[in-house]
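Since the structure is predicted, the reported quantities are computational estimates derived from the model, not experimental observations. Residue indices begin at 1 and follow the sequence shown. The analysis underlying the following values was restricted to heavy atoms, covering all of them including side chains, and did not include hydrogens, waters or symmetry mates.
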Amino acid sequence: MGDWWWWLLGITTDSPEGITVPTTPPEPTHPYHPLGVNIPAYEANEASVPALLAALGGALGFAVLGSAFLARKFNPGLSASGLATFSWFIMNACLHCGFEGYFVLNHATIASSQSLLAQLWKEYALSDSRYLVSDPFMLSVESITTFFWGPLCLANAIAIARNSPSRHALRIIACVAHLYGVALYYATSQCEFYFTGRSHSRPEFLYFWVYYVGFNLPWAIVPAFLLFNSVKTVTRAMRDLDKADAMPSAQELESRKTK
């Protein structure tokens, strides 16, 4: 083939050996989305998903059931609904301080680690890869969750076990925090997808609907129910208190009779 043919193709070399042959992009080194996201030093999990879930479920079950036993021992009059609420806040305290706390302290090395919690995070990150790239929003919200909402959930559990008058005030604060946090979590991801087309979740049903939506949905449903219940209880108590304040005391009635 003459030089004129290469010239027509826009190639200035004197030899066809100078042609850059298009190549297919390299295969991704990890299974996370969006495609091409940089996750350095990634190593695939060694443990199976059932083994990881069994380990997490076993640890949480031991903590929650053990704490519920102690709470009932300390307060035999604790109702079934009170014990269920106590267990919810104990589970939250464990997840916030333990599981999410691990992310906050080890976010830079989770992708390459084979510890139990790191493997759990890598499995969940298939629904949200922001957890493997030290995303600033995730670090911020998880730090607040770990250092503020985790201890607050523990304080809620203790207040319930002691039947403390402050239990509804603490519960309202914790429920509002959970609702606000889950709203931000969903909103930031979905807004980014809407405006840029970037999705941090794999498209499979398991990862989007079960992991991303399903695993976080309880933190929208349960706090909403508890918040409604506590607001109703506080409102009723305040109404009764206002009625009591409006009624004349026995001393005032006696004073009126003497007049």
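- Scanning both residues, Ile160 and Gly82, for their nearest heavy atoms gives CG2-O, 3.5 Å.
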* Going through the checks in order, is the ring pair (Phe, Tyr, Trp, His ring centres under 6.0 Å) test met by Trp121 and Tyr102? -> CA-CA 9 Å; Trp121 273 117; Tyr102 179 88; 8.3 Å; no
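- With hydrogens and angles disregarded, a donor-acceptor distance shorter than 3.5 Å links the side chain of Ser115 to the backbone of Ala118.
- Annotation for Leu170 and Ala155: closest pair CD1-O, 3.9 Å, computed over non-hydrogen atoms.
- A side-chain donor-acceptor contact under 3.5 Å links Gln119 to the backbone of Gln114.
- Across every non-hydrogen atom of Arg72 and Leu78, the tightest pair is NH2-O, 3.3 Å.
- Less than 6.0 angstrom separates the ring centroid of Tyr212 from the ring centroid of Tyr186.
- Listed for the Asn229 side chain is no donor-acceptor partner under 3.5 Å among the backbone atoms of Phe225.
- Note on Ile110: it clusters hydrophobically with Leu116, by side-chain heavy-atom contacts below 4.5 Å among ILVMFWY residues.
- Residues Phe215 and Leu52 fall within the same hydrophobic cluster, defined by Ile, Leu, Val, Met, Phe, Trp and Tyr side chains chained together at heavy-atom separations under 4.5 Å.
- Checked by atom type and distance alone, the side chain of Lys122 pairs as donor or acceptor with a backbone atom of Glu43 at under 3.5 Å.
- In summary, the side chains of His107 and Glu142 do not present any donor paired with an acceptor at a separation below 3.5 Å, with no hydrogens or angles considered.
- Between Ser199 and His33 there is no side-chain heavy-atom pair separated by less than 4.5 Å.
- Leu126 is not listed as a side-chain neighbour of Ser201, based on a closest heavy-atom distance of 4.5 Å or more.
- The number of heavy atoms from other shown groups lying within 6.0 Å of CZ (Phe69) does not exceed 12.
- By the side-chain contact (heavy atoms from CB on, under 4.5 Å) test, Cys175 pairs with Arg171, Pro223, Leu226, Leu227, sequence neighbours left out.
- A donor-acceptor distance shorter than 3.5 angstrom exists from the side chain of Asn75 to the backbone of Gly77, with no hydrogens or angles considered.
- A distance below 6.0 Å separates the ring centres of Tyr42 and Tyr32.
- Put simply, the side chain of Thr146 gets close to the backbone of His96: a donor and an acceptor are under 3.5 Å apart.
- To the nearest 0.5 Å, atoms CG (Leu35) and CZ (Arg198) are separated by 10.5 Å.
- Judged purely by atom type and a 3.5 angstrom limit, Asp128 has no side-chain atom pairing as donor or acceptor with the backbone of His200.
- A 6.0 Å sphere centred on CZ of Phe148 holds no more than 12 heavy atoms belonging to other residues, nucleotides or ligands.
- Side-chain atoms of Thr235 come within 3.5 Å of backbone atoms of Val231 as a donor-acceptor pair (strictly under, hydrogens ignored).
- When all heavy atoms are compared, the tightest approach of Ser143 to Val104 is OG-CG1, 3.5 Å.
- Not one N or O on the side chain of Ser129 forms a donor-acceptor pair closer than 3.5 Å with the backbone of Ala125.
- No hydrogens or angles considered: a donor-acceptor pair under 3.5 Å links the side chains of Asn92 and Trp219.
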* **From CA spacing to verdict: side-chain hydrogen bond (donor to acceptor under 3.5 Å, both in side chains), Thr188, Arg130** => CA-CA 11 Å; Thr188 51; Arg130 293 179 295 177; 3.1 Å; yes
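- Under a hydrophobic-cluster definition in which Ile, Leu, Val, Met, Phe, Trp and Tyr are linked whenever side-chain heavy atoms come within less than 4.5 Å, directly or via other members, Ile144 and Tyr180 are assigned to the same cluster.
- Between the side chain of Asn106 and the backbone N or O of Thr109, no donor-acceptor pair lies under 3.5 Å.
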